[in-house]
Amino acid sequence: MNVLDELRNRFRVALKKMDSGAAELASMVLPSQDAKFGDYQANCSMPLGKRLGKPPREVAQLLVESLDVADICDPCEIAGPGFINLRLKKTWLVEQLHDLLGDTDKLGIVPTSNPRTFVLDFSSPNVAKPMHVGHIRSTVIGDALCRVLRQLGHKVISDNHIGDWGTQFGMIIYGSKHFSDAAKLRDDTVGELGRLYQRVNQLADYHITRTKKIPAIEQQLLEHVARLEEMHDTTVLKDPKENKKSEKRLRQTEARLAELRQTLDNLRKKLVVVDEDAELTAQAAAHPDISDKVLAETAALHAGDANNRALWERFLPACLEEISVTYRRLGVTFDHALGESFYHNRLMGVVEKLVGHGLIKESDGAKCVFLKGYSAPFIVQKKDGAFLYATTDLATIDYRCQEWSPDAILYVVDHRQSLHFEQLFATARLSGYADLELQHISFGTVLGEDGRPYKTRSGTAVGLSGLLDEAVERALRTVCDNDDARDIPLLSADERQLVAKRIGIGAIKYADLAHNRTSDYVFSYDKMLAMNGNTAAYMQYSYARVRSIFSKGGVEADALRESGAAILIAEPAERALALALLQFSEALERVASDYRPNHLTSYLFELASLYAVFFENCPVLKAASTEVRDSRLLLCDLTARTIAQGLNLLGIETVERM
RNA sequence: GCGCCCGUAGCUCAGUUGGAUAGAGCAACGGACUUCUAAUCCGUAGGUCGCAGGUUCGAAUCCUGCCGGGCGUGCCA
C-alpha cells in the first residue's frame, strides 16, 4: 500500500466534484513536515480558493465535507490559511502493517501501474587503465537506480559502455611490442598489462610534460606576471565601480598565478622521477616520439591491422577480468557491456543517416550538426575522417532502440559532460527519436578535504581499489577495537573480516548516495565511517541491534509472523515507527521520480532514528505482557527487513552482528 | 565573451519541486550504562538561507540585477 497515492486518489475524487479541472491539485497532498500537523497534509485549498474565487478556509471546509477518507483517517483538521491536516486512524495503520508482514520481500512496495523499459548507462571505465575515484559515483548511483527501478516493477537493462577502443589500448599494444616480458605476459597477463599501461603512459607523459606542458605553463606564467604588472599600473582609476572590478581581476590573476606555480612544480617533480631512474631515462631516450607511435598503433587497430587486431583480441579478456574484479568487490553487475568497439563498424551508418535527415553540414572539413541555440557544432566526423564519441553515442542510441525499444535511456555521467549530452539528445530527437526519454543523470565531483578535486599528492587520480582497501582497513580497525573492548568478544577473526568488508565498502557507497547527486561532495573516511549520523555503519549497526533482540530472545522471525500475533500500538514511539514503516514505498517513488538515491538514504536514516527512540522507550523482550512483546517483535522484524531491503537497493550489505 | 551549475549553523550536508516556527550529523556544553549491542540515546546552544529588488495568501525554492565560486565552451572522452 502506498498511503500517499491512496490519499491522493481520494482527494482527486473530491477535487473533481468541486471543480472539473482541479484533479491535478491532488499532487498537493504531501507527508507532513511536522508531526503536530498530522501525518499528511493537503495544501490545495489555497490555489483552489483562488480558482473558485472563495476564501481558502471555506474551500477547505467544503473539500473536507466531500472527501471520503473516514476509513483511513481521523476527522480532518483545517489549520492556518486552509491547510487540511490528516492523521491516519490507528486501526487502519495496524491493518496496513499486517499486510506488510505477509508481504515478505516487497514490504508494501506496489508495482508501478505504468511499467517502463529503461536502459541505464553507467560506470563506463576504460580498459587497460585502472579505475579511479571518478568511477565511483557513476557506478554506485547507476547501480542503485537500477535496483530501485526494478523493485518498483520497471524493466531495466543495464549496459556498461566500456572504453575498449581508445588510446589506452594503443598504449598497451605499443607497450607489448617494446617493453613486454613474454613470460610474464603469458603467466600474469593482467598484471603485466597494467605495468605496460603504466610504463607507456609515464614515458608519453614525460615527453609531453617536457616539450609541451611545461613550456605552455611557463608561457602562461609570464603572461600572468606581465598582466599583473600592467594591472598594478592601472588600478588607480577614479570610477569606484571600475576600481572594484579591476581589484577582483587582480585577485583572480594572483590566485591563478599561484595555481600555475603549483602545477609547474608538480610537473617538474614528475620529470625528476624519470630522470633519477636509469632504466626510465634510457627508455625515455629510446622512445622520444612515443605519443605519436601510440596514436599510430591505435589508428592501425581501427583500420583493421591484423596484428593489432589480434593483440586486441588477446588482451581484451584480461582487461575485462581486471575490471570485473572491482565490480565483484562492489557487488555490481551489468546485463550488457557493449563497449565502444562494438559500435565501430556502425559509425559510418550514423553519419549517413544524419545526412539523410539533412542535418549534416561540412565546416572546416569536419562533418557537423549545427543545433539551434548552440554556438559550437556537434561534430560527428573529424576532417581526417575519424569518428568521435558523439558518433559512437548516436550509434549506441540506434542500437539500443532497435534491440530493446526502451522508453528511456539514462546516462549516469558527471556534470562536466552536460553540453555533450544536450547536443547528443537534441541531435537524436532531430533524427527520429522524438518520444524517447533521454536523461543525463549528472553528478558532481568528488573533492578532497581541501575542497579541490580528490587527487593524490602528485596530482594523479586516486585509484579505486586502493580506496576500497583503505576503507575496509579502517573499518577493520574499528571493528576489532570495539569487539576487543567487550567483556566477551562477539566476533571470530573471519567474521571481523566480513563485517569490515561490508562496513568499508558500504561506507563509500552510502556516503556517495546520501549526497544530492548534483552537488560536489567532500570525500572523508572519518565522516563516512562514523557511527553517528547518516552513514552506512550507523544503518548497519541499527540493523544488527534489531537482529540481536531476536537472537537474544531466541525468537525466530518467520515463525512469529506466521503465529498470527497482532501488532498493537500504544506508545507514541510505536506509532511513529509504524508510520515510517508504511512509507517505504513512498521513499522509493521519490527516488524514481527524479533519479535521486539520497531520498532513500534520508528515509532510512529517519527510520533508524525513529527506531532508536522506540528502542529506548519500549522494552521488547521485557515487555509487560506477551501480547506487547510479540507486537514489538513484529515492529522490530519489519524495521530490520525494511532497513536490510533499503540498503540492499543501494547495493549495501548488512551483518547480523557487529 | 557566451552557456550550465552552485552559495543554507563554525565544519560537512539535507530541504519531498511554492507551504506553517528552515532541518540533520560533526565540533561545543549538559545529562543517560547492575536493564534487549553505550559502535548508542536525550537535552542545550548555534541562521540576515550570498546581497538587493520583484512575483503572491505564502519564497531557501520562481523572475531580474549585482557579489562570490565551480565547470564547460569547433575536430579528446
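So you know, we letter chains A, B, ... as the sequences are listed, proteins then strands, and number each from 1.
You'll find the ring centres of Y411(A) and F425(A) inside the 6.0 Å limit. Aromatic ring centres of H161(A) and Y389(A) lie farther apart than the 6.0 Å criterion allows.
Residue Q33(A) places no side-chain atom within donor-acceptor reach of the base of A20(B), judged by atom type and a 3.5 Å distance cut-off alone. At a cut-off of 3.5 angstrom, the base of A27(B) holds no donor-acceptor pair with the side chain of N532(A).
Glycosidic torsion of U17(B) falls within 90° of 0, placing the base in syn. For C33(B), the base adopts the syn conformation, since its glycosidic angle falls within 90 degrees of zero.
C618(A) comes within contact range of at least one nucleobase, with a heavy-atom separation under 4.0 Å. Counting non-hydrogen atoms under 4.0 angstrom, P453(A) reaches nothing in the nucleic acid.
A heavy atom lying under 4.0 Å from RNA chain B marks the following residues of residues 600-608 of chain A, by number: S602(A), F605(A).
Sequence order on RNA chain B of the closest nucleotides to L491(A) and R8(A) puts R8(A) first from the 5' end. When each of N598(A) and P619(A) is assigned the nucleotide of RNA chain B bearing its nearest heavy atom, the one mapping closer to the 5' terminus is N598(A).
Between the P atoms of C5(B) and C63(B), the separation comes to 10 Å (whole Å). Comparing A22(B) with G3(B), their C1' atoms are spaced 32 Å from each other, to the whole Å. Annotation: U73(B) and U16(B) have their P atoms spaced 31 Å apart (nearest Å). Rounded to a whole angstrom, the distance from the P atom of G31(B) to that of C36(B) is 23 Å.
For E259(A), the side-chain hydrogen bond (donor to acceptor under 3.5 Å, both in side chains) partners are R256(A), not counting sequence neighbours.
Consecutive Watson-Crick or G-U pairing (both distances under 3.5 Å) extending over three or more pairs maps onto RNA chain B as B:1-7 with B:67-73, B:10-13 with B:23-26, B:28-32 with B:40-44, B:50-54 with B:62-66.
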